**Q** 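Take this structure first; my questions come after.
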Protein chains: 2
Amino acid sequence: MKKYNIPVEAALEVIGGKWKVVILCHLIKSTRRTGELKRLMPGITQKMLTQQLRELEEDGVIMRKVYNQVPPKVEYSLTEYGWSLKEILDSLCAWGEQHIERVYPDKNEVLLPEASLDEMPLH
Amino acid sequence: MKKYNIPVEAALEVIGGKWKVVILCHLIKSTRRTGELKRLMPGITQKMLTQQLRELEEDGVIMRKVYNQVPPKVEYSLTEYGWSLKEILDSLCAWGEQHIERVYPDKNEVLLPEASLDEMPLH
DNA sequence: CTGGATCCGGTGGGATACTG
DNA sequence: CAGTATCCCACCGGATCCAG
């Protein structure tokens, strides 16, 4: 359908969105609810989050599972097709870890205990 | 200086630009003049090309070599720091090649002789 | 003729408030 | 809690102009 000038554009079409790689890097570690993703990405807007998630879903990279309950619950996870991106995401993450300028050199900003994410006080 | 919520953002800060990965994928194969890059990326604007090249240069990923001659000649190439991105670019290109929907299955759309890029029939 | 800069109009993304 | 609607501005695209 699409004509690419160079094959890598096919990859960028899927993960080239502004926040998609970050989203996928979170989902590669574990299934996440919408609010969890929002907390993991303080810089992102609701609008952009849902938009990027929809596009990833349309491209078959992630799955959206809706629980019919109140309050609403939606979970996002990688599809098998999405897992084919693992090597890309791994190399991106590895490069970032090697070349990041750490503001708090002794503090791990990433691997917070997951349990604390849900009960984080909202004040 | 910058605070990242996840290390991979450090990588996206460098290669996250709209055309940067494509540019780097071309430069990883060989040094290129401005006009060559322009021809290899029919979709890009002169303005965006120079802008993305400037940003890549500021981030120390590519080098800009100016020949003082008429007509002007400028060559872009990867720096040693830029070569540290090779693994990322390779995995991106490999994924693209595997998952591209080939419009002309038996035709290699990439390694066309440069001269024919402008006159390619659109049927 | 190549490489680049500038000006202007349309679009994508941010902030906020609202609905179920 | 998840998602939508609205407004607004920075950014991108296209055309044009400039230097060598």
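None of the values given here were measured: they were computed from a predicted structure. Reminder, nothing fancy here: chain letters follow the sequence lines and each chain counts from 1.
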**Q** Within the 4.0 Å heavy-atom criterion, would you say B:Y67 contacts the bases, only the backbone, or no part of the nucleic acid?
**A** nothing
**Q** Distance check needed: D:dA2 P versus A:L49 CG, whole Å only.
**A** 10 Å
**Q** For A:P72 and for A:K18, locate the closest nucleotide of DNA chain C by heavy-atom distance; then report the residue assigned to the nucleotide nearer the 5' terminus.
**A** A:K18
**Q** Do A:Q52 side-chain atoms and A:W19 backbone N/O form a donor-acceptor pair below 3.5 Å?
**A** yes
**Q** Identify which one of A:K73, A:R33, A:E75 satisfies the side chain to side chain donor-acceptor pair (under 3.5 Å) criterion when paired with A:Y67.
**A** A:E75
**Q** Heavy atoms of chain A, cut-off under 4.0 Å: which first and last nucleotide of DNA chain C, 5' to 3', fall inside that, if you could look?
**A** C:dG13 to C:dG20
**Q** For the pair made of NZ in B:K38 and P in D:dG13, what is the distance, rounded to whole Å?
**A** 15 Å
**Q** Report the distance from atom CZ of B:R54 to atom C1' of D:dC11, rounded to the nearest whole Å.
**A** 18 Å
**Q** Are B:K20 and B:E55 within salt-bridge range, i.e. N to O under 4.0 Å?
**A** yes
**Q** Which whole-number value in Å describes the distance from B:Q51 CD to D:dG13 P?
**A** 9 Å
**Q** Strictly distance-based, threshold 3.5 Å: is any side-chain N or O of A:Q98 a donor or acceptor partner for the main-chain N or O of A:W95?
**A** no
**Q** For the pair made of CZ in A:R64 and C1' in D:dA2, what is the distance, rounded to whole Å?
**A** 8 Å
**Q** Which of these nucleotides, D:dG13, D:dC7, D:dC1, is closest to any side-chain atom of A:K47?
**A** D:dC7
**Q** I need the CE-P distance between A:M41 and D:dA2, as an integer number of Å.
**A** 12 Å
**Q** Expressed as a whole number of angstroms, how long is the span from A:E57:CD to D:dA2:C1'?
**A** 14 Å
**Q** Give me the atom names and distance for the closest heavy-atom approach of A:I15 to A:V21.
**A** O-CG2, 3.6 Å
**Q** So does B:M63 get a backbone contact from the side chain of B:T79, meaning a donor-acceptor N/O pair under 3.5 Å?
**A** no
**Q** So among B:L89, B:V61, B:V22, B:L78, which one has a side-chain contact (heavy atoms from CB on, under 4.5 Å) with B:L27?
**A** B:L78
**Q** Does B:W19 or A:T45 map to a spot on DNA chain D nearer the 5' end, using the closest nucleotide for each?
**A** A:T45
**Q** May I have the distance from A:L37 (atom CG) to D:dA2 (atom C1'), rounded to whole angstrom?
**A** 12 Å
